[in-house]
Number of protein chains: 2
Amino acid sequence: MEADQIERVRDFNRYYTGRLGLLTDNYLGQDRPLGQARLLFEIGDGCDLRDLRARLALDSGYLSRLLRGLEDQGLVTVDVHPGDGRVRVARLTDAGHRERAELDDRSRDRIAGLLHGLTRDQRDQLIAAQNQVRRLLRLATVGIEHVPAAAEPARDCLRRYAAELDDRFPEGYDAANLTPPAEMTGEQLLAYEDGRPVGCGLWTHLETDVAEIRHLWIAPEARGLGLGRLLLQHLEDGASTDGVTTVRLGTHTALTEAISLYRRSGYHEIANYSESPYNQLAFEKAL
Amino acid sequence: MEADQIERVRDFNRYYTGRLGLLTDNYLGQDRPLGQARLLFEIGDGCDLRDLRARLALDSGYLSRLLRGLEDQGLVTVDVHPGDGRVRVARLTDAGHRERAELDDRSRDRIAGLLHGLTRDQRDQLIAAQNQVRRLLRLATVGIEHVPAAAEPARDCLRRYAAELDDRFPEGYDAANLTPPAEMTGEQLLAYEDGRPVGCGLWTHLETDVAEIRHLWIAPEARGLGLGRLLLQHLEDGASTDGVTTVRLGTHTALTEAISLYRRSGYHEIANYSESPYNQLAFEKAL
DNA sequence: CCGGTTCTCTGACTCCGGTCAGAGATGTGT
DNA sequence: ACACATCTCTGACCGGAGTCAGAGAACCGG
């Protein structure tokens, strides 16, 4: 890694931090303290205090006082949860909605004022560049971890994967085809973003030096980051260090992005090696 | 302006704000309060408290206390200014320099950790996109103002402009050739970034419907933003609303960026119309 | 030398964000 | 019905950020 690259990124961050005053005054600009303003935004249409605390990582006493403040201003009501008398539910009053909309408008106006100095093309360029920055930062912050095959978040990903296949395959997908934890001989990887699993993949032995990659899946909210390629790379690396020299995989013609990923990643099509009805195409790559 | 564009920019800002914790911990991560940490960075090698206050916009009492805190920790010394007994000068001790370097390292490590997940190419892409974002934001935040010809910041820009010409022209440049405020019949524009003038330009009548653009200059620190084009546009607009239909300008062969700006902006070369020795080339554009 | 100005420091405040411990009400499993 | 857990609220804190007014020292112009 070049020290130069680090400095450039830091430099940008400094610049952006300095500008954030201009950019993110969702909250400020009102006489309202920041904590309360955040709450105004976070209380959508009714919200358990329990959830609020978890989402904003607030102390229960602190949250209570913040809400009390908003209540005193008539922006929020706090009522007992209908189902559970211990829980309270916060809800914006009409005035609260107006207040929130006003904060929102203010923020929007600010950005509009900023963009006003640019031409339409320049605005588009700005947005494209911001998307690129975000895409790469998201990719950089995703963590890829080794997990036991039976790990709950991994099974969770596989369930979402199966549900998607069932949706996309004309013939549907039977979740019984998912690799059962017991049969796993290789590695199961999980990709996390901000603690939430956003992708999975596993490899398992076909022969001593031949592995099969299965169930490579990226959650919809994390697509377009290049995460599929990254996971695939990790899977190959893991298999390779385990002595595997050839990886194969099967896929379905409906999964066009996956197929193009495999081709881009150096896989070539081979004759089908599996009897699974979903594996309409087969690919192979020498490591 | 598209509401959509505004929302996208806001969305990016929200994302980036959320990530700033990861990105800008120059300051945090130490047990040191943020105010003190900022001071550690801002006190280069010796610095008048007066300047510090101005730069960081701090209350004098507050600054005093912050420095006292750093002094107690042996990171800073505050001495009387040699030339002026009222003024104090803050200086980092060796321990202060070490502390600062440590904060700096910590921040650098953090970024390095972030970039580690990216390939070299992706890092380059990230930096390029960040530069683009910054470039456009800077351009968007530059303010262009009408100022009286004799305004001090305007004369200041012209002096810097003259100094640069003197440096770049093989034959040097005689500042007496700058348009004196008294002879101005058109408009003088000044570009500001964060309150500092970063560019100037003026137009003045040659005939009732013909104007000459002069002294279009962008400060070195603001080059590459597209500001020259923006200023030129504003000058043309101003002249146009004043009834001008033709603008001319003269320039020097050494000013290659300017020449290319003029060509890109629709100017075509004409025969020289001025007796100024510095106007080796002449351009014209119909508005 | 004197009056006004500049610069710094001190003390006394105010908010806000955040933490902690415990009380009280409500739910849940046995 | 009981013990135990869950959820919220209250009171009592703390430290940091920031403001304000005024005192005191140093400078400057006349």
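So that the names make sense, note that chain A is the first sequence line, chain B the second, and so on, each numbered from 1.
Taking atom CG of residue A:Leu34 and atom C1' of nucleotide D:dG16, one finds them 15 Å apart after rounding to whole Å. Nucleotide D:dA17 holds its P atom 17 Å from the CZ atom of B:Arg68, rounded to whole Å. Taking atom CG of residue A:Asp48 and atom P of nucleotide C:dT26, one finds them 17 Å apart after rounding to whole Å. As a whole-Å value, the separation of A:Leu67 CG from D:dT10 C1' is 14 Å. Taking atom CG of residue A:Leu70 and atom P of nucleotide C:dG17, one finds them 11 Å apart after rounding to whole Å. In this structure, the CG atom of B:Leu63 is 14 Å from the C1' atom of D:dT19, given to the nearest Å. Across the protein-nucleic acid pair, A:Leu39 atom CG and C:dG18 atom P stand 11 Å apart, rounded to whole Å. Rounding to whole angstrom units, CZ of residue A:Arg65 and C1' of C:dA21 are separated by 12 Å.
When each of C:dC9, C:dT19, D:dT19 is scored by its nearest atom to the side-chain atoms of B:Ser64, the top-ranked nucleotide is C:dC9. With C:dG17, C:dC9, C:dG11 as the choices, the nucleotide that has an atom nearest any side-chain atom of A:Tyr62 turns out to be C:dG17.
Below the 3.5 angstrom threshold, one finds no donor paired with an acceptor across the side chain of B:Arg32 and the base of D:dG16. The base of C:dG17 is not paired with the side chain of A:Arg38 by any donor and acceptor separated by under 3.5 Å.
Across all non-hydrogen atoms, the minimal contact from B:Ser107 to A:Arg10 is OG-NE, 2.8 Å. Shortest non-hydrogen contact noted between B:Arg38 and B:Leu56 is NH2-CD2, 3.6 Å.
Contacts between residues 49-61 of chain B and DNA chain D, counted as heavy-atom distances below 4.0 Å, involve B:Asp59. Applying a 4.0 Å cut-off to non-hydrogen atoms, the residues of residues 74-88 of chain B that approach DNA chain D are B:Asp84, B:Gly85, B:Arg86, listed by residue number.
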The test is side chain to side chain donor-acceptor pair (under 3.5 Å); show your working for A:Gln73 and A:Gln36 and say whether it passes. CA-CA 11 Å; A:Gln73 296 167 63; A:Gln36 288 188 5; 3.1 Å; yes

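Within the 3.5 Å criterion, the main-chain N or O of A:Tyr161 finds no donor-acceptor partner in the side chain of A:His215. Although no hydrogens or angles enter the test, the distance criterion places a donor-acceptor pair under 3.5 Å between the side chain of B:Arg123 and the main chain of B:Leu118.
With respect to B:Asp104 and B:Arg108, a salt bridge is recorded, a charged nitrogen being found less than 4.0 Å from a carboxylate O.
Residues meeting the ring-ring contact (aromatic ring centres under 6.0 Å, His included) test with A:Tyr192, sequence neighbours left out: none.
Between B:Gln132 and A:Gln132, the side chains place no donor N or O within less than 3.5 Å of an acceptor N or O (distance only, hydrogens not considered).
Ring orientation note: the planes of B:Tyr16 and A:Phe12 are nearly perpendicular, at an angle over 60° on the 30°/60° scale.
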